[in-house]
A.B. asks: 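Please read through the structure below; I'll follow up with questions.
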Amino acid sequence: MLDQELKYLISLIFAISAVLTFLIIYLTASRLLERKNERRKEWYFRKFKDEIYNYLLAGEKLSRHLIPICKWKIEAMEHVFLQYIKTAQNEEMLMRITNYAEIYLLDYYRKLLCHRKWSIRINTLYCINEFQLTALAEDVESLLYKKKNYTKEEYFEIYKLLVKKQRNCEQMVCYFAKIGDIFSEFEYRRLLMEMTEQQIEGLLFALHKLPYSLQLSIFDVIGIRKLESCIPALEQHLQAKDIEMRLRVLKAMSQFPHLSNLDQYYRFAESQHWQERLMFAKLTQHFNEKEAIAFLLRLIKDPSWWVRQQAAKSLQMLQSGYQMLESIIKENEDPFAADMAKEILRKADNK
Amino acid sequence: MSISTLFVEGIFWSVGIFIAVYMSMSIGFYCFLLLLSFLQLKKESHLNKLEKLDEYFDVNYAKPVSILVPAYNEEAGVVETVRSLLSLKYPQLEIIVINDGSTDATLSTLIEHFQMAKIPKVIRKELPTAAIKGVYQSTIIPFIYLLDKENGGKADALNAGINMSQYPYFCSIDGDSILETDALLKVMKPIVQSNNEVIASGGSVRIANGCDIQMGTVLQVRISKKPLVIMQVIEYLRAFLLGRVGLSKFNMLLIISGAFSVFSKSWVIKAGGYSADTVGEDMELVVRLHRLMNEEGKKRRIEFVSDPVCWTEAPETLRNLS
């Protein structure tokens, strides 16, 4: 009986050892092939780097050696172009890269868009975006109509190209509604930063059809880019039932240099949510000084630490704010308010 | 056979079966992790890693981070550690060095080197800590702070740093870690991309012995020729690339390296901060964060970044290793 169990154990050990040995051989062989490929690409780049440099920056003609006739040459040229794009900002250089890719790489990328490996498809989409190959926009758009489910990263790269190409707002709304709320706010912001003001206005008017994270990101980007034409439509969302939405609208408003219809913000000074009181303290920069001081002197005694801090910061920015903060410290009616005033004055002195 | 012989044989069998079952489960689990990690790393193997991290550098997207550096009797190396953090590429951060009741010249060294002045800073005491003696700010680099406190241990120092930090995320580092310049960008990437779902993130730690490192940057990765170091390299690779990649996929990561990791401040405070009465305070915190995530029923994750972001010196002799 013991012999049989020992036999099982030894067989198991052999089986696991065989799997591990196979893995080691596979990894070693893959790495050796990879190194051989890397050395070949390095040699290619060293041999032709001057010619590539002269083509990209001076527009000189390329020799036939730089026509990518095989896969490793294409990869070498891709790598070189991506490095140049990463380190240098030059419109003419980018235009020459786009021209090169349009002449030699379009068919290659068209095939790779449907490759079975995820990493190859992502690399292809990434290169299409970086090289600004709008000639492939229709092929990329057609991917959305195939029944295949792509990963979030693929959808992101697809949408990155489409937002640049697609000017029809209704079509953009359909694209975003189609995939649901799969992107993070960070990703939506990246897409929105590529859009024109008209596109964003169009999305704002169709907000209810869009995913929630996109709605919030639209408010953020309107504030970051200070799109004043969107202010009237944005103000309508101050009445939203969702507090997060109201906060984003208030935050966007606080980033504009000028605002009108200020009385619609007064109710936020007494809000039960400390976040709204904080945003109101930020918005007082748009009020006249007398009004702002009256509100801020109340808010600097707020139960919330964050509201007190913002009220002190907003006070410090007013013309007579410095004196106001010093008098709060002298009077010392509220020790928390006095502490906050001291902190803000100290930070202002350090600057 | 006598009864005593049978009894002893029975004990041997029981222990043997227990060991066999335990080892089978352990090996089986690690084989499963190996398979998962292999598939994940194979999926990413052809990925073009030239992705631009510059977009994460934009202040509109970046989440500000407080870097906490607990220091106890580190007059020899603390200035270098803080200087290496100054080369980190990140748009908005503050560095808080916590002098945990050092008995050497750590405090005076920092004050002198960074020209620090005492400030009346308002600190919200959200976690209990040992008494604070004073807060200093550098007059030449305003985002470097020094928190001087009574000795309470590393966990207590980190809690004091958390109380003082003004940003929603904090990063804890070890004094001897060498960080790549874009380490913070890489480790914050899952947090930035995830809509606040990721509440903690850790990076891969690699062994720096044998590598060409200049001015805090790894110029060339090479392997040391010493067998003891090579063994440690293999062990680090096993632990990080096999164990953690696999566990991270199922949100089962029970530890992220204290050498370099980023946490959400609000979640750590809710979990009660670092525990001062345990040895592995980073693992203990991560376990409590998992419990908190389950109790609150919220969809949150703790992630692992497989890119190397932190390099550390491994002991090269058995004496140092012991």
Side-chain angles (χ1 to χ4, degrees), chain A residues 2 5 9 12-13 16 19-20 23 26-27 30 34 75 78-79 81-83 85-86 115 117-120 122-124 126-127 130 151-153 156 181 183-190 193 213 216-217 220-221 223-225 305-306 308-309 336 338-344 346-347 350-351, chain B residues 9 12-13 16-17 20 23-24 27-28 30-31 34-35 38-56 58-63 117-126 135 137-143 166 188-198 242:
Chain A
L2 192 61
E5 279 158 358
L9 188 60
L12 186 64
I13 291 170
I16 293 174
V19 167
L20 290 173
L23 270 175
Y26 168 77
L27 286 170
S30 297
E34 210 178 290
E75 285 173 5
E78 265 179 6
H79 186 82
F81 288 155
L82 287 171
Q83 289 278 26
I85 289 171
K86 192 178 170 188
H115 200 277
K117 273 195 181 161
W118 171 82
S119 52
I120 307 282
I122 278 283
N123 285 343
T124 308
Y126 185 67
C127 289
E130 290 300 309
T151 61
K152 189 177 88 154
E153 293 83 2
F156 183 74
D181 208 352
F183 295 139
S184 64
E185 287 179 35
F186 166 75
E187 282 154 345
Y188 278 126
R189 275 200 289 265
R190 280 173 71 189
M193 292 299 268
S213 300
L216 298 179
S217 307
D220 288 341
V221 169
I224 292 168
R225 290 173 61 174
W305 189 90
W306 296 106
R308 290 201 301 274
Q309 189 191 48
F336 297 114
D339 275 342
M340 193 54 73
K342 278 184 209 162
E343 170 94 6
I344 297 299
R346 181 189 57 76
K347 279 187 181 169
N350 281 345
K351 276 185 191 166
Chain B
E9 208 177 294
F12 273 123
W13 268 107
I17 287 167
M23 288 307 296
S24 305
I27 290 169
Y30 271 99
C31 286
L34 172 66
L35 180 67
F38 179 77
L39 292 172
Q40 178 68 21
L41 291 170
K42 189 168 180 341
K43 185 183 168 192
E44 292 176 9
S45 63
H46 291 291
L47 202 58
N48 193 333
K49 295 271 181 174
L50 269 180
E51 181 194 356
K52 287 189 286 190
L53 284 169
D54 292 350
E55 283 165 342
Y56 299 88
D58 187 327
V59 75
N60 290 315
Y61 306 135
K63 295 185 187 279
K118 200 163 187 178
I119 56 169
K121 178 119 176 94
V122 174
I123 298 180
R124 297 179 72 203
K125 204 169 177 182
E126 292 177 285
V135 179
Q137 184 183 16
S138 168
T139 52
I140 47 170
I141 307 169
F143 59 84
Q166 58 170 320
M188 285 299 289
K189 200 174 133 191
I191 293 175
V192 166
Q193 278 185 327
S194 73
N195 254 4
N196 299 327
E197 256 186 48
V198 175
L242 194 156

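Basis for what follows: all heavy atoms, side chains included, without hydrogens, waters or symmetry-related copies. Computed from a prediction, not measured in an experiment: that's the story for all the values here. First the proteins, then the strands, lettered A, B, ... as listed; each starts at 1.
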A.B. asks: Can you confirm whether Arg124(B) sits close enough to Trp306(A) that some side-chain heavy atom of one is under 4.5 Å from a side-chain heavy atom of the other?
C.D. replies: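 A side-chain contact under 4.5 Å exists here.
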
A.B. asks: Is chain B contacted by the side chain of Tyr188(A), its backbone, both, or neither, given a heavy-atom distance below 4.5 Å?
C.D. replies: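 Neither part.
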
A.B. asks: Is atom NZ of Lys121(B) surrounded by more than 12 heavy atoms (other residues, nucleotides or ligands) closer than 6.0 Å?
C.D. replies: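 Yes.
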
A.B. asks: Which region of Glu185(A), side chain (C-beta onward) or backbone (N, CA, C, O), has a non-hydrogen atom less than 4.5 Å from a non-hydrogen atom of chain B, or is it both or neither?
C.D. replies: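 When you check distances to chain B, atoms from both the backbone and side chain of Glu185(A) fall under 4.5 Å.
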
A.B. asks: Using 0.5 Å steps for rounding, measure from the CD1 atom of Ile123(B) to the CG atom of Asp339(A).
C.D. replies: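 That separation rounds to 11.5 Å.
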
A.B. asks: What are the two closest non-hydrogen atoms of Glu343(A) and Pro120(B), and how far apart are they?
C.D. replies: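 That would be OE1-O, 3.8 Å.
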
A.B. asks: Leu12(A) versus chain B, heavy atoms under 4.5 Å apart: side chain, backbone, both or neither?
C.D. replies: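 Nothing of Leu12(A), per the 4.5 Å heavy-atom cut-off to chain B.
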
A.B. asks: Check whether more than 12 heavy atoms from other residues, nucleotides or ligands sit under 6.0 Å from atom CZ of Phe143(B), and answer yes or no.
C.D. replies: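 Count over threshold, so yes.
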
A.B. asks: Is it the backbone or the side chain of Ser213(A) that comes under 4.5 Å from a heavy atom of chain B, or both, or neither?
C.D. replies: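 Only the side chain of Ser213(A) comes within 4.5 Å of chain B.
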
A.B. asks: Where does Phe183(A) contact chain B at under 4.5 Å (heavy atoms): side chain, backbone, both or neither?
C.D. replies: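 For Phe183(A), backbone heavy atoms alone lie under 4.5 Å from chain B.
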
A.B. asks: Name the region of Leu20(A), side chain, backbone, both or neither, that has any atom closer than 4.5 Å to a heavy atom of chain B.
C.D. replies: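 The side chain, not the backbone.
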
